[in-house]
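First comes the structure, then the notes that go with it.
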There are 4 protein chains.
Amino acid sequence: MSLIRGRFEKEADEKVLQYTESISFDWRLSHQDIAGSIAHTKMLAKQGIITAAEGKAIVKGLNEIRQEIEQGKFKYRTELEDIHMNIESRLAEKIGEAGGKLHTGRSRNDQVATDLRLFTKEMITGAVGKIRALQAALLKLAEANKDVVVPGYTHLQPAQPVLFAHHLLAYFEMLQRDTGRFSDCLKRADVLPLGSGALAGVTYNIDREFVARELGFNQVSNNSMDAVADRDFIIEFDAAAAIGMMHLSRLAEEFVIWSSPQFGFIEIDEAYTTGSSIMPQKKNPDVAELARGKTGRVYGNLMALLTTMKALPLAYDRDMQEDKENFFDTIDTYFTTLDVFTGMVKTLKINALAAREALEQGYLLATDIADYLVRKGMAFRKAHQTVGKLVSYAAAENKPFNELKLKEYRSFSELFEKDVFDITIESSVAARNVTGGTAHKQVRQALKAAKKLLGGVIDR
Amino acid sequence: MSLIRGRFEKEADEKVLQYTESISFDWRLSHQDIAGSIAHTKMLAKQGIITAAEGKAIVKGLNEIRQEIEQGKFKYRTELEDIHMNIESRLAEKIGEAGGKLHTGRSRNDQVATDLRLFTKEMITGAVGKIRALQAALLKLAEANKDVVVPGYTHLQPAQPVLFAHHLLAYFEMLQRDTGRFSDCLKRADVLPLGSGALAGVTYNIDREFVARELGFNQVSNNSMDAVADRDFIIEFDAAAAIGMMHLSRLAEEFVIWSSPQFGFIEIDEAYTTGSSIMPQKKNPDVAELARGKTGRVYGNLMALLTTMKALPLAYDRDMQEDKENFFDTIDTYFTTLDVFTGMVKTLKINALAAREALEQGYLLATDIADYLVRKGMAFRKAHQTVGKLVSYAAAENKPFNELKLKEYRSFSELFEKDVFDITIESSVAARNVTGGTAHKQVRQALKAAKKLLGGVIDR
Amino acid sequence: MSLIRGRFEKEADEKVLQYTESISFDWRLSHQDIAGSIAHTKMLAKQGIITAAEGKAIVKGLNEIRQEIEQGKFKYRTELEDIHMNIESRLAEKIGEAGGKLHTGRSRNDQVATDLRLFTKEMITGAVGKIRALQAALLKLAEANKDVVVPGYTHLQPAQPVLFAHHLLAYFEMLQRDTGRFSDCLKRADVLPLGSGALAGVTYNIDREFVARELGFNQVSNNSMDAVADRDFIIEFDAAAAIGMMHLSRLAEEFVIWSSPQFGFIEIDEAYTTGSSIMPQKKNPDVAELARGKTGRVYGNLMALLTTMKALPLAYDRDMQEDKENFFDTIDTYFTTLDVFTGMVKTLKINALAAREALEQGYLLATDIADYLVRKGMAFRKAHQTVGKLVSYAAAENKPFNELKLKEYRSFSELFEKDVFDITIESSVAARNVTGGTAHKQVRQALKAAKKLLGGVIDR
Amino acid sequence: MSLIRGRFEKEADEKVLQYTESISFDWRLSHQDIAGSIAHTKMLAKQGIITAAEGKAIVKGLNEIRQEIEQGKFKYRTELEDIHMNIESRLAEKIGEAGGKLHTGRSRNDQVATDLRLFTKEMITGAVGKIRALQAALLKLAEANKDVVVPGYTHLQPAQPVLFAHHLLAYFEMLQRDTGRFSDCLKRADVLPLGSGALAGVTYNIDREFVARELGFNQVSNNSMDAVADRDFIIEFDAAAAIGMMHLSRLAEEFVIWSSPQFGFIEIDEAYTTGSSIMPQKKNPDVAELARGKTGRVYGNLMALLTTMKALPLAYDRDMQEDKENFFDTIDTYFTTLDVFTGMVKTLKINALAAREALEQGYLLATDIADYLVRKGMAFRKAHQTVGKLVSYAAAENKPFNELKLKEYRSFSELFEKDVFDITIESSVAARNVTGGTAHKQVRQALKAAKKLLGGVIDR
């Protein structure tokens, strides 16, 4: 008979047990559960709610169970439903009746919330660490290629020349914002719910601040009903991960496009590509594609929990057990994606030649030529139209800008003079010398700032 | 060295292998994969593309592998990535070089699409069967309580009396539509992609119609690029399951509300409830709550695959490997939810007394009284207003309708006569004697039609 | 005082009125509402529930209101909340007390469900028509370019040569499935809810079958509670539209990639591109990009309604008013996207030369060479590996296949003979002569079948 | 001819114009657009990029346009596509060629990002203000009823008695976290993108810090490509609003349940309920239901933008125009929902009598009785089982706890003594005297802290 079915005459149906059990996934909270129980026990003993001897026996038992788990000797039993009951039941086997005192002054509702918050805090640290590693890899790749110019695109149409390093640093910025979101989430996760009981608080003279200190929480929760009903911190983590995966999906898309032979700007290391079962020539960017595809999964997990939490009356409802599996899946997906991206970026090769060829086709200097006219006194809108016609003419003649004659230029505006030929890919890059611009000077400063950031503390 | 990395110098990185492997979940397609391979092999031999002896050896080998799998003796190896390579590699161990001929005239792209379609077809049958079982349970419960009247609610406010059986049959209808959606999905799933090769068709003289017949497919695909790029059938299944779970979430909500002591209309069998770790009096409707919560998960899986498939260029992209895990999760979640609901409905008890008490409070007969005035000649809108005032008066006096005096009625309208007291809960139910209405006569017919339906064929 | 607040002492707060009103969007149902009311009125008169004279007056009044709406003279009033009350109130102005009899034997719950189903049926027809138009445009483009060969891609890596027409026909197939889903949705939308009353049926001797015939419904609903609580048909439409937009997003992605100068396979007509406010050379595929972007919106609308319907107790809850705006938005988005795609496809130009150049780079014939070895007796897996090595060699030598010497071929396998040079892009296409394959013969048949289909009835 | 189609021969198709225009919704950014343009103009003049006279003329013209907009005299023209072109075009009408200089040194890409960030910053302030108002209303309601005890529920089953004020303060906490998320989002929104040009920075000697100061931005963006490609701040707002709506949907659910006559704990003011078109007795909690339903819409909008942004290559793609409509819809939905909730809470009445009756049924004191046994020395698990049996017995006897005899208690445990009768609803509440617990003392402190918070600054 289950420990908590005192009132019941029947056992749960086998199918029901399979449906309601959580031990098949919440075993991942075993360390947090034990840590929480130990802190709770110490507090109970300190407050005289249990005796010092009982306290010692419980802590000793829990430490042994932790070892059993670490050594893979612990037997998880489905009929005990969840990690809490598995551990408590094993404790009872070990130390007898005193084990039954562990649950004094707490409920599974505040216990599982505590476990989840401890776990979330660790995962936030984990996420930030993995993002940092990818930032470092991007930074290194940027520095190693800091003079390579590539076509910058908008609408996947060539727009203006940019430094490859500048392009990579755009992702550095996105990742930096990602760390900010996780750090902010930490503020709301870092609150101890233990002591909230089932929903209303407990009737024992407990010391919540002591438990908070033991477990490293920054504060205790203000309202017991909210404390057991709140899963905002998981949704917020899920949302931060969804945005993070969105960023990676954009980089993935660029890797897929750039490594297509028609672009050919990069070569992804063989270790990050796979072959075809039928086409011997293939070297497919599968890792980037899978990462892009897994974005859907992380979005789906966010939607799942938002949907689950919709319209639940206070305080705790069993629907909330659905908070875990999707959360674990988001963590696993996001973390491994960050890892493989870090590896892929570290080994990526840029094909500067292909980029240069692409730069020389097309009319990426058109904006610079319009700006040239503006500097000679033309209003921007007019300059824009003038160069628009010039481009049409050049395209019809099938000539790049640098093969046009001055006479041809001047047929569009008398303002054109010989110095129009000073406009080159290099001059174009150099001219964008504003904060955040692609000029070498700016990018060097940005690289320096990025490097400094990575040497520093976690939050920006 | 992987069978398909002929061109490569390096092995994939270990993390990459973990990231890209699918054997940890696509083992669920092993039977479909073997069935597909056997049909393909028979066709290759029939067409003389391989020899009869080779064909026999391959089929024998595959049958042995099937047995190994059934007996739990088959070793799945992560480094072989997926179920296809695991089986093919084992085949090579068993029968040597002839094994290498199995993959003649096909690609993993059309192979996995075939496996998935075989699997989906089975799951559609499975879904319909499980829905049928729940329909049967609802029907039985309705028949067993066919005279019980309960308050019908709109906006969770008492509206009009209805037969409990009528209320249950509303769910029967929803489930019936669910079977329709799955059956419709079958039409689009029941198409053989094998023979489409990697994307363009194959160069061998294959016989696709033969393979379709062997595997029980209704037709062969019309376009090879579409055939390997299409996952509509999974999304469509996911959408049907999402709607199905939405229906179950509504029933779950009603079970939760009805079993709350303030309503107390039903008693959920103990086997489908659980206790509290701290509150000994609790008998919580956890199964219904979990089902309601799992709705989020099934919605999330639908969103995940839609997102994954967004904007993928033809033909196959590795993103599409993400089609499986969420699909399997939807199946497992939906199927077990249907199962536990069937069990819960079978053992549900209705508390007719509590329902009757609720009926007698409130003013559920107000519509009938307005209709009464209409029949005496008042326009409906006016009758509605008149009864509105009557209700306000009665509520202020704290009297139910049947305690009002005729004089009091007549102070609102001269049309009221003694026969207003003939309006009762029973007369109210009986009066709604239109197709689909709650009158006993109608509900009896509906029960009969439902019974007939369940005895008949799968689709409506 | 609102017509339906008979019991109330206070009017609704102004903010509440703004929050709860639906006339700002449900005016779109005005024609359906009037059609439904006319059919209902005719039935009431036929059954003697109202007099013939009353019936005539109501129908005449409704027809006049319809005209006022068509002529833009009808004044929608927010304080009347919804389209039903706006029309009924105007009717009362026109014909006096008889107007109050229109609502006899029905409720807003079954009325709005009827309006929505009439509307959905029209929208299904509309969707199928617009899909047909895009199919026709694709077909015409395919026929006009039926000998153009392009690289077929998997993983955005060149895979095998395919006919451009074959590639386009893959989208024809997707669109064909889309029409199937809409047609299937029609089956479940084509059910008359009127007569279900608020939730329990009505107390009048109505003739539901008559109303169904008048309005062109295929059947009447079986259960009154389900009839007012059901919005499956909208979710199902939303899901079909979401899959439809997913298909269009794939085509959009290909248009974006193909029109990028690095690919340059197509030229999108100027009418379907836009310029840049700053870069005069730009010709951006904005229409394709917007279509791709709007996919998110249609997915979001599906998610929204699924979420809204989750866990709603029977029968009607006001949450369900949220069924309309997102539905209208999905219709507008999907329909205009189909329209602009049809126009874009009609005016699209293929750049066969650029495609040919791309075909000649790369090793798209590798599969054909492996198949060649298989035909000479090598097992497929071995052939695959052999050609893998051949590709590595050729790539290192920077030679396409057709510049390799026979001696070089034979250093990889003695099976290579002079006829290996017969393998060309043309032979590769021709060789895939299986149902659904890219061989000219197959594609011609597919074009013919597609043409026939478009000439025929709506459903496949 | 559009200002930006210099290179084009054809105008865009009419349907395309309708498809791509944004003026029908981005007119909402007019004030931000003008503010941004004025700051940009001042900077251009300060830097000598335009003359002081040109600068003055532009600023004067823009101020006049702002007035025209405020006075409703401005004509938005669809053929000018967006708000930027509408304003610039009007400026040209007003001041002639100098107007063409406004766009010097900027692009629509950085311009629209600037407008959106200015707008988002305002909306964050708006959201926090509206949340504060609802918090204040909850606080007032809590204070006005600070001695009312209600049953606290878990699983919608009575669990333990709690103060109604305690229950309301749980929502105060949720709302407090909501303000925290919006404030955190502000950090990432408060960054000036202007000066990033189309994607690479600009070629003029601009002063970005000056513009930032003029517009009140905290910093300038670090990377021009990221600056035009980033919409994180909108997604983050959407996610915060989704969580916020989830909280409101929970409160809505409770209002719906509590105002159902079977519960009857609250009475929603008539101004926040509506009647039925057919059932005169109805007083439906439509506002709460609509709020619950609109949760789906806000979730859908989040999903929509996440999907839209998935896998977009840098820097700007037209897909991103889809960032606005859903964002505006989320703002409108969330803000009006907060408003109507504030009004509804302000006018809510609690029915203390009904709550008391509910408290006296059921066995809400079971936990207290188990804790009693623990205090007498029994281990918690054993006490829980003992009381479980006691509850079964009492339920079978149909007696509440306070009608059981001591003898009956003692048949379950010898530890029961006369003082077991001291356990009452009041003692139960009082006993939960821990931080965050429901004891009067704790709740009074919580009310005090909440009041202090509302008097203080915006962020916690």
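Just so we're on the same page: letters track the sequence lines, and every chain starts at 1.
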Is the count of non-hydrogen atoms from other residues, nucleotides or ligands lying under 6.0 Å from Gln445(A) atom CD greater than 12?
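Counting other residues, nucleotides and ligands, CD of Gln445(A) exceeds 12 neighbours.
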
Measure distances from [X] to the heavy atoms of chain A and classify the residue's part below 4.5 Å as side chain, backbone, both or neither.
X         : value
His167(D) : both
Ala227(D) : neither
Arg208(D) : side chain

Shortest non-hydrogen contact from Tyr299(D) toward Leu306(A)
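Looking at all heavy atoms of both residues, the closest pair is OH-O, 2.7 Å.
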
Identify the two heavy atoms, one from Ala311(A) and one from Ser249(D), that lie closest to each other, and give their separation to 0.1 Å.
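Answer, listing the atom of Ala311(A) first, then Ser249(D): N-OG, 2.8 Å.
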
Any donor-acceptor pair under 3.5 Å from Arg432(D) side chain to Gly201(A) backbone
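Here the side-chain-to-backbone pair exists.
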
I need the [X] [atom1] to [Y] [atom2] distance, nearest 0.5 Å.
X         : Y         : atom1 : atom2 : result
Arg177(A) : Glu236(D) : CZ    : CD    : 9.5 Å
Arg188(D) : Asp184(A) : CZ    : CG    : 4.5 Å
His247(A) : Lys310(D) : NE2   : NZ    : 15.0 Å
Met320(D) : Thr154(A) : CE    : OG1   : 11.0 Å
Ile243(A) : Arg231(D) : CD1   : CZ    : 13.5 Å
Leu199(D) : Thr438(A) : CG    : OG1   : 8.0 Å

Contact part of [X] toward chain D, heavy-atom cut-off under 4.5 Å: side chain, backbone, both or neither?
X         : answer
Asp368(A) : side chain
Ala315(A) : both
Ala239(A) : side chain
Phe172(A) : neither
Ala229(A) : both
Leu251(A) : neither
Arg375(A) : side chain

Pick from [options]: which one has the most heavy-atom pairs with chain D under 4.5 Å?
options                                    : value
Arg318(A), Lys101(A), Arg181(A)            : Arg181(A)
Met378(A), Lys382(A), Met309(A)            : Met309(A)
Thr203(A), Ile49(A), Asp317(A), Ile257(A)  : Thr203(A)
Glu97(A), Met303(A), Glu209(A), Arg292(A)  : Met303(A)
Asp178(A), Thr307(A), Leu314(A), Val374(A) : Leu314(A)
Ala379(A), Ala431(A), Ala200(A), Gly437(A) : Ala200(A)

Criterion side-chain contact (heavy atoms from CB on, under 4.5 Å) against Leu312(D), the qualifying member of Glu254(A), Glu253(A), Arg250(A):
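Single side-chain contact (heavy atoms from CB on, under 4.5 Å) partner of Leu312(D) among Glu254(A), Glu253(A), Arg250(A): Arg250(A).
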
For the interface with chain A, which of [options] has the highest count of heavy-atom pairs at distances below 4.5 Å?
options                                    : answer
Val434(D), Val443(D), Asp232(D)            : Asp232(D)
Gly195(D), Cys185(D), Ala170(D), Pro193(D) : Ala170(D)
Val162(D), Thr435(D), Leu169(D)            : Thr435(D)
Met246(D), Met245(D), Met225(D)            : Met225(D)

Could you tell me whether the side chain of Asp230(D) reaches within less than 4.5 Å of the side chain of Met174(A), counting heavy atoms only?
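With C-beta onward as the side chain, the pair stays apart.
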
Does His103(A) reach the side chain of His384(D), with side-chain heavy atoms less than 4.5 Å apart?
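No, every pair of side-chain atoms sits at 4.5 Å or beyond.
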
Under the side-chain contact (heavy atoms from CB on, under 4.5 Å) test, which residues partner Val191(D), sequence neighbours left out?
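For Val191(D), the residues satisfying side-chain contact (heavy atoms from CB on, under 4.5 Å) (neighbours in sequence not counted) are Arg117(D), Gln219(D), Ser221(D).
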
List in chain and number order the residues that pass ring-ring contact (aromatic ring centres under 6.0 Å, His included) with His155(A), two or more places apart in sequence or in another chain; answer none if no residue qualifies.
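ring-ring contact (aromatic ring centres under 6.0 Å, His included) check on His155(A) returns Tyr316(D).
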
Between Asn223(D) and Glu173(A), is there a side-chain donor-acceptor contact under 3.5 Å, judged purely by atom types and distance?
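No pair is found: no donor N or O on one side chain lies under 3.5 Å from an acceptor on the other.
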
Going by the side chain to side chain donor-acceptor pair (under 3.5 Å) test, name the single residue among Gln442(A), Gln160(A), His166(A) that passes it with Ser224(D).
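Exactly one pass, corresponding to His166(A).
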
